[in-house]
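Chain identifiers are assigned alphabetically (A, B, ...) following the order of the sequence lines, protein sequences preceding nucleic acid strands; residue numbering begins at 1 within each chain. Only this structure's heavy atoms are used, side chains among them; waters, hydrogens and symmetry mates stay out. The shown structure was predicted, so the numbers you read here are calculated from the model rather than taken from an experiment.
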Amino acid sequence: MALSVATSGSGITIVRVEGQLIVGNRQELKALVTESLDRGGRKFLIDCTDTGYIDSSGLGALVTIAKKVREHGGEIRLAGLNEDLRSLFTLTKLDSLFEIGETVEQTLADF
Amino acid sequence: MALSVATSGSGITIVRVEGQLIVGNRQELKALVTESLDRGGRKFLIDCTDTGYIDSSGLGALVTIAKKVREHGGEIRLAGLNEDLRSLFTLTKLDSLFEIGETVEQTLADF
Amino acid sequence: MTAPLRLCVRRGPEKEAASPTIRVALTLPSDIDVIEETVELLALHAFAGRIPAQRTRFRFRVTLAEALANAIQCGNGGDPDQPVHVELHLTEETIRVQVTDRGTGFDTDHTTDPTDPDTLEYPCGRGLFIIRHLTDHVEFNDQGNTIWMTLPRS
Amino acid sequence: MTAPLRLCVRRGPEKEAASPTIRVALTLPSDIDVIEETVELLALHAFAGRIPAQRTRFRFRVTLAEALANAIQCGNGGDPDQPVHVELHLTEETIRVQVTDRGTGFDTDHTTDPTDPDTLEYPCGRGLFIIRHLTDHVEFNDQGNTIWMTLPRS
Ligand SMILES: Nc1ncnc2c1ncn2[C@@H]1O[C@H](COP(=O)(O)OP(=O)(O)O)[C@@H](O)[C@H]1O
Ligand SMILES: Nc1ncnc2c1ncn2[C@@H]1O[C@H](COP(=O)(O)OP(=O)(O)O)[C@@H](O)[C@H]1O
């Protein structure tokens with residue numbers, strides 16, 4: 001997995017997850033978002049356009065991150081999920097915890 | 001494996017071997033050449049352009065066929081062998097028993 | 001040379017494919033960092049010579065990753081010296097995945113529902129739930145240290 | 001939205017591939033008509049995810065076909081009820097092929113040279129010679145009903 005972070009002109013922190021988000025690497029994602037929160041970031045977009053698959057630990061990490069972001073008065077959205085990834089959120093009902101947008105561009109514009 | 005037979009304008013029987021020439025199908029080739037001999041065919045070209053691999057039974061079948069053809073005063077040539085197939089004949093020194101031409105066209109012209 | 005005249009075409013005996021079961025086996029250390037590579041390696045064999053549906057490939061990868069994570073973390077307690085054994089039994093239609101750890105197992109009849117509003121925000125407890133929903137069939141041995149999952153191959 | 005500014009790129013831990021040995025196993029009936037299919041099936045696994053040299057693929061297919069033919073015909077006497085067991089042990093660099101039949105074996109030390117002018121026109125006796133020349137290494141068990149052949153994977 002590779003994570004890359006960018007900040008949009010409107011101050012949204014875009015975290016791009018390339019590859020698998022699984023038990024072996026979910027901590028990296030948590031650490032990265034925590035650092036961004038510490039630096040004052042409050043709006044987060046997780047870009048899953050190039051995400052392969054997510055396991056239950058990866059989903060767990062996203063839940064934990066979402067909680068933390070909300071505790072800081074922030075907001076987190078997901079975007080770019082393909083049908084398979086989307087089905088994981090529907091199955092686990094986590095789609096009720098996360099705002100899941102369509103493309104990154106669309107989700108950024110709506111934020 | 002699939003065998004197809006054709007006769008050139010100059011009366012050469014061209015036997016095309018598609019796929020593997022191995023223990024499970026070598027009898028077909030023997031039967032086919034024997035029938036051609038019975039019908040008076042004396043010049044044979046085995047077209048290996050689309051042959052995958054040949055096992056020791058396949059080589060053995062070719063040796064038997066060559067003998068039979070020569071006993072009938074005929075001649076047999078091979079053509080279209082790729083490097084790998086050619087190496088089998090060099091390794092087993094069967095290249096001393098068979099005339100091995102280059103392309104089918106070239107070998108037909110030289111026959 | 002004039003155009004050759006086709007006389008006949010014969011095909012060798014084409015046996016109805018007996019479709020033998022192919023077994024693919026692999027032993028890995030209890031290290032969560034090898035899960036991803038193991039999954040990719042086994043996916044190559046699971047679908048060797050095939051182009052399965054995108055969804056099939058996804059189901060295989062997610063459920064195998066889950067089962068390996070449980071075997072490594074819950075079963076073997078993350079002790080890298082304890083091996084995890086994986087086998088795929090491949091038939092024409094299905095993949096049977098077997099994952100065995102060296103642990104004492106657990107009560108496999110006890111299931112929890114991670115979609116329960118009370119526990120929805122828990123970070124854990126979704127693994128077996130996902131496995132049950134993304135496979136065609138799940139079974140455990142009595143001890144609870146072997147899981148068998150059945151998935152399609154196409 | 002203006003162009004996003006790249007802040008950092010992190011990569012997860014990439015473990016030096018432990019390169020586990022993968023075992024692929026298959027049992028077939030003693031029927032020469034299943035050799036071709038078995039060879040193709042096992043070639044898929046032997047080179048899964050790889051694009052080996054044309055020559056490597058050829059060597060694998062020819063020598064496996066030879067070993068299967070011997071096991072079926074010499075070892076099991078062509079009795080379709082007698083199984084032949086094949087295993088591939090795949091490492092990063094090599095393929096170890098194991099073929100076992102139910103026969104009584106033979107004197108594996110006794111080798112003949114089919115290129116001898118006296119026997120050059122014999123229809124048989126080239127199988128083991130080809131195996132010895134197209135593999136990197138050949139071994140038998142003491143009984144002579146198991147052959148191990150080592151070949152490259154690339
Ligand atoms: N291979 C195993 N060995 C021992 N216990 C296991 C094993 N697999 C699962 N479990 C038990 O089942 C529980 C539920 O597993 P799971 O649904 O995957 O969620 P999680 O692993 O996130 O807790 C685990 O917490 C563990 O107690
Ligand atoms: N698996 C086997 N079981 C018993 N005998 C075998 C086996 N493999 C080879 N042999 C013996 O070795 C001989 C030489 O084999 P090979 O070189 O393959 O030539 P061929 O099979 O054409 O005779 C065989 O004729 C047979 O007697």
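- Between chain C and the options A:Ser56, A:Gly19, A:Gly52, A:Ser96, heavy-atom pairs under 4.5 Å are most frequent for A:Ser56.
- For a residue to count as touching a neighbouring chain, one of its non-hydrogen atoms must lie under 4.5 Å from one of that chain's; by this rule C:Leu134 touches chain A with the side chain only.
- Summarising the geometry, atom CZ belonging to C:Arg50 is positioned 10.5 Å from atom OG1 belonging to C:Thr56; distances are rounded to the nearest 0.5 Å.
- Counting heavy-atom pairs closer than 4.5 Å to chain A, the top-ranked of the candidates C:Thr115, C:Ile130, C:Asp113, C:Ile35 is C:Thr115.
- Only the side chain of A:Leu97 comes within contact range of chain C, judged by heavy atoms closer than 4.5 Å.
- Between C:Glu40 and C:Arg61 a salt bridge is recorded (basic side-chain N to carboxylate O distance below 4.0 Å).
- With chain C as the partner, the residue from A:Ser87, A:Gly58, A:Ala61, A:Ser57 showing the most heavy-atom pairs under 4.5 Å is A:Ser87.
- Heavy atoms closer than 4.5 Å to chain C are found in both the backbone and the side chain of A:Thr92.
- To the nearest 0.5 Å, the span separating CG on C:Asn70 from CG on C:Asn145 amounts to 12.5 Å.
- Separation of atoms NZ (A:Lys43) and CD1 (A:Ile76) is listed at 13.5 Å; rounding is to 0.5 Å.
- Using a 4.5 Å cut-off between heavy atoms, C:Gln54 touches chain A through backbone and side chain atoms alike.
- Only the side chain of C:Glu66 comes within less than 4.5 Å of a heavy atom in chain A; its backbone stays farther off.
- For the pairing with C:Ser30, the side-chain hydrogen bond (donor to acceptor under 3.5 Å, both in side chains) check across C:Asp101, C:Asp79, C:Asp81, C:Asn76 returns one residue only, C:Asn76.
- For the atom pair A:Phe111 CZ and A:Glu99 CD, the distance stands at 8.0 Å (nearest 0.5 Å).
- In this structure, chain C has heavy atoms under 4.5 Å from both the backbone and the side chain of A:Val23.
- Shown are A:Asp55, A:Leu94, A:Ile54; of these, the side chain to side chain contact (heavy atoms under 4.5 Å, CB included) with A:Leu88 is made only by A:Ile54.
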